[in-house]
Number of protein chains: 2
Amino acid sequence: MGRTTVQDVAREAGVSVSTVSRALTGGTVSASTREAVQAIAARLGYQPNRAARGLITGRTGNLGLIVPDLRNPFFAEVAKGVTARARAVDYGVFIADTDEDPVAEREALASLGRNTDGVLLCSPRSPDADLLKAADPATTVLLHRRVPGLSSVVADISDGIRQAVRHLIALGHRRIAYVGGPEDSWAARQRLAVLSGVPEVLLLDAVAPTFEGGLGAGDPVLATPATAVLAYNDLVALGLLHRLAARGVAVPERISVVGFDDVSLAAMSHPPLTSVAVPKHRSGSVGLDLLLGRTGAPGDQMILPTSLVVRASSDVPPS
Amino acid sequence: MGRTTVQDVAREAGVSVSTVSRALTGGTVSASTREAVQAIAARLGYQPNRAARGLITGRTGNLGLIVPDLRNPFFAEVAKGVTARARAVDYGVFIADTDEDPVAEREALASLGRNTDGVLLCSPRSPDADLLKAADPATTVLLHRRVPGLSSVVADISDGIRQAVRHLIALGHRRIAYVGGPEDSWAARQRLAVLSGVPEVLLLDAVAPTFEGGLGAGDPVLATPATAVLAYNDLVALGLLHRLAARGVAVPERISVVGFDDVSLAAMSHPPLTSVAVPKHRSGSVGLDLLLGRTGAPGDQMILPTSLVVRASSDVPPS
DNA sequence: GTGAAAGCGCTAACAA
DNA sequence: TTGTTAGCGCTTTCAC
């Protein structure tokens, strides 16, 4: 790797190491010196050691992203948004997958907090207090989670839920089952808060926010008089779709199904899933800009708009 | 947050910084001292500065993972395998998503190459020569791609394809369509090499290795007398399933569909997809071990077994 | 077994 | 404009 150091370049160029440093990082040097040094550096294939540089500047040029599960397409898209923006601003991205483990999350936060310029944290379920205790407000931005005192980028979940409900009601549905997510999940509580006040909505038991969770919710949904189901997220909706198909229940003829998040799977399901689109990719890039101070101020709470994407899984109720 | 240094720990523990270092990195220290220092370090929330450590040890404790697209569940799973193993051996992981762009891949390789101890590279489509030129054989491990002269971890694609074909033939199929992937893809060439020699197989035009690619392949497949389709991968198979459903073609009654990779979507499709399971998670962890020299030798070519997972999308041909 | 001191490669004062 | 001199936080000789 980069064996050549500033010393080598300095010696070869007949100048001091500080002059080399200045010539290469845009300090005050004569044009001729700068050119000469740059030429030598290029010839020697000099690559600055970023660790050494970071040690003194205090900035590493890296940042961290912590997610509970990369296999979850939602977080994969967020990660993609982060890495894309990071590449544009020449930052490196450490990614830690905590595997939904709070301990791993805490460790990642500690390690990354120390070795990066900031961290983007996706923590759907850790208690506010834990987050407040483990995260430095100055160098942490929460993604898809809001905690007072910390910067965050969230989607307008309430509005998304309302759009979904309005859509179903406009279609004629008057009994809408809601299959919720984990009670300790921030996003699940957000959804519930909106839905609790809607008379047409029938709240069912919460399930795991997974395909399996959706599978298990199939029969309970059928046990209700609902003509439509709103699922916690697309994965749950997919599980629902699967179980309903297995029971010979036609979607959307007998019952409509609506998901949330609009992950890419939503368009691939059978039938294609009506879902509330959340700007996942964008949340990553916006979060990164917030972290780097390119936009907003520390402590800021960004809210990104959501929008309903209507596909074939929702239609008028059976007459 | 990460303000505490060895100095702080040393002062608090009443020992020298060198003793702290030894106690924490497994040097020669008395058991009592070690325990005391570790306790203090934990209490102070001490996190070693990896940059400083790397400066002296010459090792960064970080490695890189380059993937073409994190949203592709295949690579998301590989990434998960890498991060999981990295966490176990206390390594940080830089992830670069190149967005299928060869230039971005080159840049990522250069940047990561000099800021990490090694790079795991997923490059399905770059020419061998480009890879050989850009990658340092001593610090690079290819994942799901084999290039002479570079270490790699690949799945036994040939065997997987053979299992799939044998399965279909055993069911009674005698006309099997194959919807292939990009001709410049290493994995696609591997599959083709096996399939070319099989009389029962009908080679169709290659498509993009995506859901959309599969959609487009639906009608061409129906234009053949095939009673079964083997798709380049699960995403293509899903697209196929989707288009076939839209055409009112029953799967597997009228035609069987088999995918490849066995990504999680395969189990969620309708009908659930028979697919060749590739050890994605494992490839990541094995690749990491190979990179860190915990297993095998540089230049090694690891081959991981594949296995057919039979689900509802494949059955006997129509009689 | 432990401490003092010497750097790793680099940048940022401070002089000159 | 340039060189000299401190370190950044850590590990690692070398004494003791």
Side-chain angles (χ1 to χ4, degrees), chain A residues 1-41 44-62 90 92 110-117 139, chain B residues 1-41 44-62 90-92 111 113-117:
Chain A
M1 264 189 273
R3 289 234 62 92
T4 42
T5 76
V6 266
Q7 310 276 358
D8 302 319
V9 180
R11 193 182 318 112
E12 194 74 7
V15 296
S16 72
V17 290
S18 39
T19 298
V20 172
S21 174
R22 279 187 288 252
L24 265 27
T25 58
T28 333
V29 230
S30 73
S32 59
T33 308
R34 160 162 292 130
E35 277 174 33
V37 170
Q38 284 176 338
I40 305 262
L44 265 42
Y46 169 71
Q47 293 296 346
N49 182 328
R50 292 179 75 165
R53 173 178 291 176
L55 201 50
I56 175 148
T57 61
R59 287 180 51 264
T60 62
N62 298 142
D90 198 30
S111 168
L112 255 30
R114 181 74 156 110
N115 295 297
T116 63
D117 298 340
T139 58
Chain B
M1 37 177 319
R3 297 227 65 89
T4 42
T5 74
V6 266
Q7 309 277 358
D8 302 318
V9 179
R11 191 180 320 111
E12 194 75 7
V15 297
S16 71
V17 290
S18 33
T19 298
V20 172
S21 174
R22 279 188 288 253
L24 264 26
T25 58
T28 331
V29 229
S30 73
S32 58
T33 308
R34 160 161 292 128
E35 277 175 31
V37 170
Q38 283 176 339
I40 304 261
L44 264 39
Y46 169 71
Q47 288 290 332
N49 182 326
R50 289 194 133 129
R53 173 178 290 175
L55 202 50
I56 176 150
T57 60
R59 289 174 48 263
T60 63
N62 298 142
D90 197 28
Y91 263 71
S111 164
R114 54 180 190 264
N115 296 303
T116 64
D117 298 341

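Because the structure is predicted, anything quoted here is derived from the model rather than measured.
Overall, the helix from C:dG1-D:dC16 to C:dA16-D:dT1 carries an axis bend of 40° between its ends, with five pairs at each end and the value rounded to 10°.
A donor N or O paired with an acceptor N or O is found under 3.5 Å between the base of C:dG3 and the side-chain atoms of B:Arg22. Between the side chain of A:Ser18 and the base of D:dT4 there is at least one donor-acceptor pair of N/O atoms closer than 3.5 Å.
Listed pair A:Arg114 / D:dC10 meets the phosphate criterion, a side-chain N or O lying under 4.0 Å from OP1 or OP2. In this model, the phosphate group of D:dG9 is not approached by any side-chain N or O of B:Thr5 to a distance below 4.0 Å at OP1 or OP2. Put simply, A:Thr28 has no side-chain N or O that comes within less than 4.0 Å of OP1 or OP2 on D:dT2. Taking side-chain N and O atoms only, B:Thr19 has a distance below 4.0 Å to OP1 or OP2 of C:dG3.
Comparing A:Ala51 and B:Val17 by the nucleotide of DNA chain C whose heavy atom lies nearest to each, the residue mapping closer to the 5' end is B:Val17. Heavy-atom distances to DNA chain C give each of B:Gly14 and A:Ile56 a nearest nucleotide, and the one nearer the 5′ end belongs to B:Gly14.
Across the protein-nucleic acid pair, B:Asn49 atom CG and C:dC8 atom C1' stand 13 Å apart, rounded to whole Å. If you measure from atom CZ of A:Arg34 to atom P of D:dT1, you get 10 Å, rounded to the nearest angstrom. In this structure, CD of A:Gln7 is placed 12 Å from P of C:dT11, rounded to the nearest angstrom. Distance B:Asp8 CG to D:dC8 P: 12 Å, rounded to the nearest Å.
Screening B:Val9, B:Thr4, B:Asp8 for a side-chain contact (heavy atoms from CB on, under 4.5 Å) with B:Ile40, the sole residue that qualifies is B:Val9.
If you check D:dT11, D:dT1, D:dC10 against the side chain of B:Thr25, the one that comes closest is D:dT11. With C:dT11, D:dC10, D:dG3 as the candidates, the nucleotide lying closest to the side chain of A:Val15 is D:dG3. Among C:dT11, C:dG1, D:dC10, the nucleotide with an atom closest to any side-chain atom of A:Arg53 is C:dT11. Checked against C:dG3, C:dT11, D:dG9, the side chain of B:Leu55 finds its nearest nucleotide in D:dG9. Considering only the side chain of B:Thr33, C:dG1 comes nearest among C:dA4, D:dC10, C:dG1.
A:Thr60 and A:Asp117 form a side-chain donor-acceptor contact under 3.5 Å, judged by distance and modelled atom types alone.
Looking at heavy-atom distances under 4.0 Å, B:Ser21 makes contact with a base.
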